[in-house]
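As the structure lists them, so they are numbered: ligands from 1, and atoms in each ligand from 1.
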Amino acid sequence: MEIETIRTGWTLVSSAVPNRSTHRFGLAYTGLFQRRSRRIKVPVKCFYVQVGGHRLLVDAGWSVQAADHPLRHLGFGLWFASEPVMDASEAARNQLKGRPIDAILMTHLDCDHVSGLQDFPDEIPVYASKAEVAYARKARPRYGSLAEGRDYRQIPFVDDASAPFGKACDLFGDGSVTAYLTPTHSAGSVIYKMAEGGRFSLLVGDNGYSADSWEKGLLPGPLYDANNMRACLAWIRRQAADESCAGVYCAHDPVDR
Ligand SMILES: [Zn+2]
């Protein structure tokens, strides 16, 4: 198993995004009523994963368009809440330089995760949860229209008592990639467990912004369900403590693991 971190630039966000407790105002993560000079810069990562013979991209990071035409690409609302800071050479397509991708697995459909999809050909299947695709259509102020325009393959979840929220999917039927539905950061967020040779790694998307999220239980700003997020962070903490766990990767971790 090989997991390569691809940092597709940065985004300027409120300091309430990685840690909700820094502000008392519930919508603080949007940056409303805060000086832009007080924003913090967090990396926007996606991951190139080789596991069980599959070559996968987990999330797509910022597109070339986010560098070249950020306002037009995102629209004012999304641009205001999460302004991209990047060079076009940092987009995943440009960093991967034509390396093969069998499938793209989405943790969720926020703009800094779907933006880069448009740089990759339509023939590459893109997986997401049914709940997330439906939520992205409904919650327009959060998602804008960026999440549309792609035919997502819905992850066929089944009941699984060992999953953190009772739903899991052995994505390729060979045990190499297990998807878990986690209604935490968004209605249909997904965690992917990659397994090979008795070891596993977790790709948790925005279920946590660094190890502090699950080690100290720091709640991130944008939340769909706070209680679910607390339960999910506790689950990640238990997984991370397992001696077979090779790593936990989140999309905006300031540290490369
Ligand atoms: Zn994100």
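- A salt bridge links R142 with D110: the closest approach of a Lys/Arg side-chain nitrogen to an acidic carboxylate oxygen falls below 4.0 angstrom.
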Please tabulate, for the side chains in residues 229-241, all donor-acceptor contacts under 3.5 angstrom to protein atoms that are two or more places apart in sequence or on a different chain.
{"residue": "R230", "atom": "NH1", "partner": "N227", "partner atom": "OD1", "Å": "2.9"}
{"residue": "R237", "atom": "NH1", "partner": "W214", "partner atom": "O", "Å": "2.8"}
{"residue": "Q239", "atom": "OE1", "partner": "K193", "partner atom": "NZ", "Å": "3.3"}

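- Under the 4.0 Å criterion applied to side-chain N and carboxylate O atoms, R140 and E148 are assigned as salt-bridge partners.
- Looking only at side-chain heavy atoms (C-beta outward), V190 and F157 come within less than 4.5 Å of each other.
- For a distance threshold of 2.8 Å, the protein N, O or S atoms nearer than that to the Zn ion (ligand 1), listed by chain and number, are D112 OD2, H113 NE2, D206 OD2, H252 NE2.
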task: Give the C-alpha distance, both sets of side-chain angles, the deciding distance and a yes or no for ring-ring contact (aromatic ring centres under 6.0 Å, His included) between F172 and H54.
output: CA-CA 9 Å; F172 302 114; H54 309 287; 4.2 Å; yes

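- The distance between the ring centers of Y192 and Y180 does not fall below 6.0 angstrom.
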